[in-house]
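Down below is the structure, laid out as structure tokens.
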Number of protein chains: 2
Amino acid sequence: MSKKKSFFDNNLYADSQPHLMFTAVDCIIFGFDGDDLKLLIMKRKMEPLRGEWSLIGSIIRLEETVEEAATRILNEATGLSDLYLEQSKVYSEVDRDLGYRCMSVAMYTLIRSDKFHLVSEQNQYDSHWHGLEDLPNLVLDHKRMVLDAMVKLRSKVKYHPIGFELLPEKFTIPQLQKLYEVILDEELDSRNFRKKMLSLGILQQLSEKDKSGSKKGAYLYQFNHEAYHKLVSSGFNFGV
Amino acid sequence: MSKKKSFFDNNLYADSQPHLMFTAVDCIIFGFDGDDLKLLIMKRKMEPLRGEWSLIGSIIRLEETVEEAATRILNEATGLSDLYLEQSKVYSEVDRDLGYRCMSVAMYTLIRSDKFHLVSEQNQYDSHWHGLEDLPNLVLDHKRMVLDAMVKLRSKVKYHPIGFELLPEKFTIPQLQKLYEVILDEELDSRNFRKKMLSLGILQQLSEKDKSGSKKGAYLYQFNHEAYHKLVSSGFNFGV
DNA sequence: ACAAAAGTGTTATTAGTACACCCATGC
DNA sequence: GCATGGGTGTACTAATAACACTTTTGT
């Protein structure tokens, strides 16, 4: 201990004794199954609160950033990598965890609907998709984290094209509209929605049709990243 | 050490050895002097990097939240309390600090222009106001923190009435316009600006005038909190 | 033939933008 | 009386909101 003590002399940390303060990351994992927004949660396997529903999270290791920690546990819990990842908020109430001090960085992430059913529900976390409407109680302040992340997702989706992160590479306009409707929790007029989306010039129509939703079939589109970047760099603000 | 070891057995933290990871808070302190946006920074007094320009920050103590830590150092550095405070972002690059692991929660805060000159520049931090245009180099990743916070301030000010946090209780429309102009870094048309602001019905005109800016004098207004809350709860989105 | 979802246009309303002159006052 | 910043109105344009029918095709 005396070796460590010298570390704290004569520098910025001189008045901070070494203490047990952990920092964790908790992931709010949104997924879209084509009809509803879902959340990937798990039954906590460790004490305390074993068996209670919980977000998927981890203590941040000494050698990783918040984003790397989130990427690690997302990969462990879903098998996926390269997920869209966004900081939501830091939760640091002194007594938010049980018995020791642990602050948590909440991150939210989006799972594409074509990967939705590929997310293994039998991994080390024993994770499960749950509808956002009838979410069970979650441990600690995790319910609050979900609600806060939901608000951020709602406002972000209006001005940034992150909705596309929840859809497969190729998608139809009705699918896109359904997604916006469940995120924003309001019905949208299909004519105005289509007009607005197409007018932005960031969707590329393909010749293929998707017939899973109707007899007639709906044209597939692709999100055009270059057109989008041109749009934002010319000062435009994507909006629904 | 063996006493501590038992703490880590049989719980969520079992695979996390006790390690030296600090969490700090750094404050991006914006102030408005009536003409320009300024930032309150200090010359670092401790090693390493003594004498370099730095944001005002501190290690978070075991008994305080991020917000409480920020409030504490803001009070130490400005003498003010009850400041508008907002989380900006967590910075957690493994090597962002020198020699040890320290992640930092960046918070931004707004100082009202009538308090601007009251902020003591001879406190334990030896803080100074600096124009945002010709900001000197700052230690570590603090420059990045400022730029990120500036982006957040810009987008926030368009849809939330936080601009009023930078003005005194009573202010004139030209003062408000000037503030928006320096935050958004663009000139605004005074007729359209006035029309838009007054149409929201959240400004209350007083009979007094402020003659500091002109011979004629400009009417003073007050921000009407109740009217604002009525507006947002009726689904409206404040915007400039 | 019919059910079910995809696709299409027009009009009305509202919000935003551009723009130029008179007013009140202190000096 | 003039310089300085404060205050006002109107016309044009763009965006948004409301609204109903036809098309395609599998069954």
Side-chain angles (χ1 to χ4, degrees), chain A residues 34-36 113 157-159 167-168 170-182 184-222 231-232 234-240, chain B residues 33-36 113 157-159 167-168 170-182 184 186-222 231-232 234-240:
Chain A
D35 291 307
D36 290 295
S113 64
V157 88
K158 286 190 180 178
Y159 303 108
L167 290 173
K170 302 172 180 182
F171 52 86
T172 69
I173 305 269
Q175 284 166 0
L176 184 61
Q177 179 177 343
K178 179 72 193 174
L179 173 60
Y180 272 92
E181 288 178 335
V182 298
L184 301 176
D185 195 28
E186 59 179 308
E187 295 210 339
L188 301 172
D189 180 273
S190 66
R191 287 161 293 190
N192 293 337
F193 181 82
R194 178 184 295 267
K195 198 191 312 169
K196 181 71 192 286
M197 282 295 158
L198 294 177
S199 74
L200 296 172
I202 57 176
L203 295 186
Q204 184 173 355
Q205 186 176 352
L206 306 174
S207 49
E208 314 159 58
K209 281 190 161 190
D210 174 296
K211 297 212 168 188
S212 63
S214 71
K215 326 278 169 89
K216 184 180 179 183
Y219 280 106
L220 286 162
Y221 289 79
Q222 267 184 316
L231 194 67
V232 291
S234 72
F236 192 84
N237 210 352
F238 173 89
V240 188
Chain B
D33 66 358
D35 291 307
D36 290 295
S113 64
V157 88
K158 286 190 181 177
Y159 304 107
L167 290 172
K170 302 173 180 180
F171 53 84
T172 68
I173 305 270
Q175 284 166 1
L176 184 62
Q177 181 177 342
K178 178 73 195 173
L179 173 61
Y180 272 91
E181 288 178 336
V182 299
L184 301 176
E186 59 178 310
E187 296 210 338
L188 301 172
D189 180 274
S190 67
R191 286 161 294 190
N192 294 338
F193 181 82
R194 178 183 296 267
K195 199 192 312 171
K196 181 71 191 288
M197 282 295 158
L198 294 177
S199 75
L200 296 171
I202 57 176
L203 295 186
Q204 184 173 357
Q205 186 175 354
L206 306 175
S207 49
E208 315 158 59
K209 281 190 162 191
D210 174 295
K211 298 212 168 188
S212 63
S214 71
K215 325 280 168 87
K216 184 179 178 181
Y219 281 106
L220 286 163
Y221 289 80
Q222 268 184 313
L231 194 66
V232 290
S234 73
F236 191 84
N237 210 352
F238 173 89
V240 188

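Remember, it's a predicted structure, so these values are computed and weren't measured experimentally. In what follows, every heavy atom counts, from backbone to side chain, and hydrogens, waters and symmetry copies are set aside. Order of the sequence lines sets the chain letters (A, B, ...), proteins ahead of strands, with each chain counted from 1.
Minimum atom distance to the side chain of A/Lys196 is reached by D/dT16, of the listed C/dA5, D/dT16, C/dG9.
Within 4.0 Å of B/Lys211, counting heavy atoms only, lie sugar-phosphate atoms of the nucleic acid but no base atom.
Counting to the nearest Å, the P atom of C/dA5 and the CG atom of A/Leu220 are 18 Å from each other.
A donor-acceptor contact under 3.5 Å is formed by the side chain of A/Lys216 with the base of C/dA6. If you check distances only, the side chain of B/Lys195 does reach the base of D/dT10 with a donor-acceptor pair under 3.5 Å.
Residue-to-nucleotide proximity on DNA chain D shows that, of B/Thr172 and B/Asp189, the 5′-proximal contact is made by B/Thr172. Position along DNA chain C of the nearest nucleotide to A/Arg191 versus B/Asn192 favours A/Arg191 as the more 5'-ward residue.
In this structure, B/Lys215 does not reach the C/dC27 phosphate: none of its side-chain N or O atoms is under 4.0 Å from OP1 or OP2.
The overall bend of the helix from C/dA1-D/dT27 to C/dC27-D/dG1, read as the angle between its terminal helix axes built from five base pairs each, is 0° when rounded to 10 degrees.
Within residues 197-208 of chain B, no residue is approached by DNA chain D to less than 4.0 Å at the level of any non-hydrogen atom.
In this structure, the side chain of B/Gln222 does not engage the main chain of B/Leu206 through any donor-acceptor pair within 3.5 Å.
More than 12 heavy atoms of other residues, nucleotides or ligands shown are found within 6.0 angstrom of OH on A/Tyr180.
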